[in-house]
Each structure stands twice: as C-alpha cells, then as structure tokens.
Amino acid sequence: MTDLLTGYAAPAQALPTPAGPRRVPFTRTHICDAARENAGRVLASGWVTSGPEVAAFEEEFAPVVGARHAVAVASCTAAIELALRGLRLPPESPVLVSTNTFCGAVGAIVHAGLRPHLVDIDEVTGMPSPETTAAAAQGLRGPRGLLVVHLAGYPADVAELAAAAGVGLENVVEDAAHALGTWVGDRPVGSISRATCFSFYATKNLAIGEGGMVTTDDDDLATYLASARLHGMSRDAWKRYLPGGGWRYDVEVDGMKANLTDLQAAIGRAQLAEFDRVQSHRHSVAEWYDAGLAGADRFTLPARPTTGRHAWHLYAIRVRPGAGPGRDALIGALAERGIGTSVHFIPVHHLTWYRSRCVAPLGGLRHADTVFDQTLSLPLDAVVSRADVDAVTSALLDLGGPS
Ligand SMILES: *Cc1c(COP(=O)(O)O)cnc(C)c1O
C-alpha cells in the first residue's frame with residue numbers, strides 16, 4: 001500500500017493539530033499543486049469563464065469513463081436536471097428514484113417538470129433493489145424515467161434496475177455523484193445509460209469545489225446539453241468574445257445558466273491527472289477500516305461488491321441496536337474526541353418540501369427508515385492517514401460498548 005501523503009502539501013484549510021487526542025475531520029478538500037498552478041495561469045490569462053479549458057477538460061474526461069461525449073456543467077444537480085429535460089418525457093411523468101439519496105437529486109426531477117416516485121432500499125447496500133424498484137413501479141402506466149444512484153460508490157446494476165422499473169436504458173439517467181471510479185461489471189460508470197451525471201463538489205472523489213459533468217454516447221443529447229447549459233444559446237456561443245468569434249447567436253432550446261468556468265475546468269484537469277492515485281488511497285482507507293473494525297460485532301461494515309469496482313466515496317457503517325450508545329450518541333461522543341462523522345442520507349421523504357412533491361410506494365419506505373437510524377459515515381478523503389483511521393477505529397471500539 002502506497003502512502004499517498006508523500007508529496008502532498010498540507011491542505012491550506014487544515015486546522016493546526018492541538019495537543020491531545022488526534023483530531024480527524026470528516027473530510028478535507030485536497031487541491032493538488034498542479035491544480036493550484038493551473039488556477040493561477042487561468043486567472044492571469046484574461047479569460048476565466050467557459051472557454052478552452054472547459055473544452056479540454058471535457059475531452060480528457062470522456063475517455064476516462066468510456067463515453068463519447070462529456071459536457072461540463074455547474075453542478076451535478078444541474079447535470080441531472082438538464083439530462084432529465086433532455087429525455088423529453090411528457091410533463092409530470094414519473095421518475096423512480098431512491099429515497100436514500102441527496103435531496104438535490106430529487107429536487108432536480110421536480111425542476112425538470114417531472115414527478116419523483118420514491119423507491120425503498122435494500123438494507124445491505126442502502127440502494128434500491130430490483131424488488132423495491134418493481135414495487136415502486138407497480139401500477140405505473142406509460143412513459144417514465146429512472147434515476148439510478150451508485151450510493152457511496154457501490155456499483156448499482158443499472159440494467160437490472162431498469163428492467164425491474166419497466167424503463168428502457170434510453171430513459172435512465174445515472175446520478176454518479178459518488179461514482180467516478182465505479183465500475184458495473186466490466187464497464188466504468190459513464191456510458192451505461194442515456195446520461196451519467198458526475199459531481200466535482202468539494203467532498204467528492206474528484207474535487208474542484210463546485211462543478212459537474214454529464215457524459216453520454218448520444219450525439220443529439222450532447223448537443224442539447226452543450227447549448228441548454230448556457231441559456232440555450234447556440235452551441236459555441238461562448239466563443240463570441242474570443243478573437244475571431246462572431247457576436248450572433250440563436251436560442252433554439254430551453255436553457256438555464258449552468259456552465260462550468262475555465263477556472264474550475266483548469267483545476268479539474270489537474271485533479272483528473274491525480275485521480276488514480278486518490279482512488280488507490282481511498283481503497284487503502286477502506287481496507288484499513290475493514291481490518292480495524294473486523295472484530296466489532298456492534299458494527300455492520302459496508303458491503304463489498306462481488307463484481308465491478310467500488311469507488312469508496314463514503315465508508316458508512318451501521319450501528320446495530322443493542323448494548324452501548326446508539327448512532328446519535330456515538331456521533332456526539334466521537335465529536336467530543338475531535339472525530340468528524342456524517343450521515344448519508346436523511347431520506348428524502350423526511351424532508352418537508354419534498355413530502356408534497358414525491359409519491360411514496362404503497363408498501364412504504366421502512367427499510368430506508370431503518371438504515372437512516374443506524375448509518376454513520378466515517379472520515380474518508382484524499383489525505384486521511386493510517387494514523388487517522390487507527391484513531392477512528394480505536395475510538396469506535398472504545399465507545400461502541402459491549403456487543
Ligand atoms: C453531492 C451529490 C449530488 C449533488 O452534487 P452537486 O454537484 O453538489 O450538485 C447529487 N447526488 C448525490 C448522491 C450527491 O451526493
């Protein structure tokens with residue numbers, strides 16, 4: 001196992017380590033040296049919004065995920081909204097989506113003029129199974145969409161879920177916010193469904209700070225997205241202020257303001273060059289946690305896929321009910337020791353605004369409720385060290401109580 005910390009400068013936002021027990025934040029954003037240099041170059045260049053850096057980032061990104069096209073956008077949320085609009089489903093068509101996902105992904109369905117139908121989950125993976133998906137699709141007639149999330153970076157079997165939902169792959173969009181580096185069987189996530197949406201948010205596996213990407217093999221969809229992300233202006237309108245660019249443009253499609261900037265793209269290009277190194281570190285961290293917590297009956301460790309590849313965006317354990325503190329008490333006790341954790345996710349049906357906008361299946365969403373009460377995500381990022389992981393696992397063994 002390589003120690004990825006070698007060659008990394010300390011992140012600027014890291015707090016000085018006070019004397020006493022080791023403090024481990026839940027996540028830190030690591031921007032590599034080359035990315036900082038790229039950012040400086042763009043800031044000095046006289047062109048900071050969408051331009052040649054974005055085009056280069058797209059060209060470099062697409063082959064990494066095995067897709068023909070990559071279209072850079074402002075966020076994964078915007079990516080999902082635009083990709084769903086690109087499906088051209090009739091207004092208010094149902095879109096099946098896990099209730100155990102980030103709320104913004106479900107908000108994007110609403111903003112695309114479609115109706116989220118929430119799907120319960122399998123308690124082992126935290127994701128919809130073919131059975132829960134079929135249950136949520138029961139009784140649906142006519143055209144519908146499916147938004148598949150690869151939770152924590154665990155590969156979801158997209159084709160199997162689409163079949164269970166009664167949806168053709170042409171009406172499937174993937175939320176790959178956690179899944180850059182995930183493989184489903186022998187294919188990287190990025191070209192399996194009609195459109196795949198990635199996030200470059202500060203905590204994600206490829207961090208820019210903010211940003212997103214849609215990948216697709218569909219030429220027409222790529223053309224639509226490239227225009228819709230910038231007000232629907234004709235595809236290359238961004239060039240109009242560059243030397244040789246023309247000022248005339250047309251607007252032929254419904255657009256929004258969701259372009260990525262050259263400043264972000266320049267950071268992303270350097271982070272992409274580092275990506276394999278970061279991923280191998282994340283895999284090592286998952287192994288350290290597995291080993292450190294192996295004997296602790298109080299905790300259920302995250303499932304490992306039997307095929308494909310996990311991207312290890314999150315390492316989420318479940319705190320089994322029983323002797324010792326429950327999940328919330330454990331979060332508090334860990335925080336007192338300076339260890340940051342998080343919960344992924346508050347199920348969407350627990351959130352006020354979403355309740356009136358989502359349809360829940362007749363059987364309810366009880367597996368999602370069970371997992372929500374027990375789940376706990378441990379520190380995992382590009383720079384968390386073996387000593388950090390040891391501090392977390394020994395605190396957990398110490399605080400977890402008798403099993
Ligand atoms: C982070 C996240 C998003 C949203 O990504 P942004 O780039 O912040 O818009 C969507 N879905 C999931 C599962 C996420 O974790």
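Note that the structure is a prediction, hence the values are computed from the model and not measured. These values consider heavy atoms only, across backbone and side chains, with no hydrogens, waters or symmetry-generated copies.
- Rounding to the nearest 0.5 angstrom, the gap separating the OH atom in Tyr289 from the CG atom in Asp390 is 9.5 Å.
- Distance alone, capped at 3.5 Å, places no donor-acceptor pair between the Ser227 side chain and the Thr223 backbone.
- Residues Val119 and Thr99 are not in side-chain contact: their nearest non-hydrogen atoms beyond the backbone lie 4.5 Å or more apart.
- Considering every non-hydrogen atom in both Thr77 and Ala108, the closest pair reads O-CB, 3.6 Å.
- Looking at every heavy atom in both residues, Pro128 comes nearest to Ile121 through N-CG2, 3.9 Å.
- For OH of Tyr249, the number of neighbouring non-hydrogen atoms (other residues, nucleotides, ligands) closer than 6.0 Å is 12 at most.
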Could you go through Asp290 and Arg304, starting from their C-alpha distance and side-chain angles, then the distance that decides it, and tell me whether this counts as salt bridge (charged side-chain N to carboxylate O under 4.0 Å, His left out)? CA-CA 10 Å; Asp290 277 0; Arg304 281 179 173 268; 2.6 Å; yes
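- When only modelled atom types and interatomic distance are considered, Thr261 and Gln264 share a side-chain donor-acceptor pair under 3.5 Å.
- Judged by distance alone, the side chains of Asp218 and Tyr224 never bring a donor and an acceptor atom under 3.5 Å apart.
- No donor-acceptor pair under 3.5 Å is formed between the side chain of Thr196 and the backbone N or O of Ile192.
- Going from atom CG of Asn100 over to atom OG1 of Thr375 covers 7.5 Å, rounded to the nearest 0.5 Å.
- With salt bridges taken as basic N to acidic carboxylate O contacts below 4.0 Å, none links Arg194 and Glu174.
- In this structure, Asp388 pairs ionically with Arg28, as a charged nitrogen and a carboxylate oxygen lie closer than 4.0 Å.
- Put simply, CG on Leu263 and OG on Ser50 are 11.0 Å apart, with the number rounded to the nearest 0.5 Å.
- A donor-acceptor distance shorter than 3.5 angstrom exists from the side chain of Gln271 to the backbone of His30, with no hydrogens or angles considered.
- Contact check for Arg357 versus Ile109: no side-chain heavy atoms found under the 4.5 Å cut-off.
- For CD of Gln138, the number of neighbouring non-hydrogen atoms (other residues, nucleotides, ligands) closer than 6.0 Å is 12 at most.
- Salt bridge Asp381/Arg282: absent, no basic N to carboxylate O contact under 4.0 Å.
- In this structure, Leu242 places its CG atom where more than 12 heavy-atom neighbours from other residues, nucleotides or ligands lie under 6.0 Å away.
- Pairing each heavy atom of Cys103 with each of Leu351, the nearest pair is CB-CD1, 3.5 Å.
- For the atom pair CZ of Arg277 and CD of Gln279, the computed distance is 13.0 Å after rounding to the nearest 0.5 Å.
- Side chain of Arg355 to backbone of His350: a donor-acceptor contact under 3.5 angstrom is found.
- Considering every non-hydrogen atom in both Ala207 and Ile31, the closest pair reads O-CD1, 3.8 Å.
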Test log, rule side-chain contact (heavy atoms from CB on, under 4.5 Å), inputs Glu210 and Tyr201: CA-CA 4 Å; Glu210 299 287 354; Tyr201 179 64; 3.6 Å; yes
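- For Arg320 (side chain) and Asp297 (main-chain N/O), a donor-acceptor pair under 3.5 Å exists by modelled atom type.
- Salt bridge Glu37/Arg41: absent, no basic N to carboxylate O contact under 4.0 Å.
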Under the side-chain contact (heavy atoms from CB on, under 4.5 Å) rule, what do Val73 and Leu225 come out as? Steps first, then yes or no, please. CA-CA 9 Å; Val73 290; Leu225 294 168; over 6 Å; no
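- Between the side chains of Asp369 and His349, at least one donor-acceptor pair of N or O atoms lies under 3.5 Å.
- Of all heavy-atom pairs between Ala74 and Asn259, the closest is CB-O, 3.7 Å.
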Determine whether Val214 and Ile80 satisfy the following criterion, side-chain contact (heavy atoms from CB on, under 4.5 Å), listing intermediate values before the conclusion. CA-CA 8 Å; Val214 188; Ile80 294 168; over 6 Å; no
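- With 3.5 Å as the limit, one finds no donor-acceptor pair spanning the side chains of Thr216 and Arg68.
- Contact of the Thr182 side chain with the Tyr154 side chain is not registered, since no non-hydrogen atoms from C-beta on lie closer than 4.5 Å.
- No hydrogens or angles considered: a donor-acceptor pair under 3.5 Å links the side chains of His367 and Glu123.
- A donor-acceptor pair under 3.5 Å is formed between the side chain of Thr29 and the backbone N or O of Ala202.
- Between the side chain of Arg298 and the backbone N or O of Gly400, at least one donor-acceptor pair lies under 3.5 Å.
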Might you work through the side-chain contact (heavy atoms from CB on, under 4.5 Å) test for Ile317 and Leu293, ending with a clear yes or no? CA-CA 10 Å; Ile317 60 172; Leu293 297 171; 4.2 Å; yes
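- Within the 4.5 Å cutoff, the side chain of Met233 has heavy atoms near those of the Arg240 side chain.
- In this structure, Val343 and Arg327 have side chains that are in contact, with non-hydrogen atoms separated by less than 4.5 Å.
- Salt-bridge formation is not detected for the pair Arg269/Glu274: no Lys NZ or Arg NE/NH1/NH2 atom is positioned less than 4.0 Å from an Asp or Glu carboxylate oxygen.
- Residues meeting the salt bridge (charged side-chain N to carboxylate O under 4.0 Å, His left out) test with Asp373, sequence neighbours left out: none.
- Taken from CG in Leu118 to CG in Leu96, the straight-line distance is 9.5 Å, to the nearest 0.5 Å.
- No donor-acceptor pair under 3.5 Å is formed between the side chain of Arg337 and the backbone N or O of Ala333.
- The ring of Phe61 has its center closer than 6.0 angstrom to the ring center of Phe200.
- Contact check for Asn205 versus His178: no side-chain heavy atoms found under the 4.5 Å cut-off.
- No hydrogens or angles considered: a donor-acceptor pair under 3.5 Å links the side chains of Arg187 and Ser191.
- Between Leu87 and Leu221, every side-chain heavy-atom pair lies at or beyond the 4.5 Å cut-off.
- Of all non-hydrogen atoms in Thr133 and Ala165, the two that sit nearest each other are CG2-CB, 3.7 Å.
- One finds the OG atom of Ser93 at 10.5 Å from the CG atom of Leu84 (value rounded to the nearest 0.5 Å).
- Side chain of Thr393 to backbone of Val389: a donor-acceptor contact under 3.5 angstrom is found.
- Between Leu330 and Leu396 there is a side-chain heavy-atom pair separated by less than 4.5 Å.
- If you check the side chains of Asp217 and His69, you find no donor sitting under 3.5 Å from an acceptor.
- Arg88 has a carboxylate O that lies under 4.0 Å from a charged side-chain N of Asp254, or vice versa, which qualifies the two as a salt bridge.
- Side-chain atoms of Tyr315 never come within 3.5 Å of backbone atoms of Ser377 as a donor-acceptor pair (strictly under, hydrogens ignored).
- With Thr27 as reference, Thr203 is the one residue of Val383, Leu314, Val384, Thr203 to meet the side chain to side chain contact (heavy atoms under 4.5 Å, CB included) rule.
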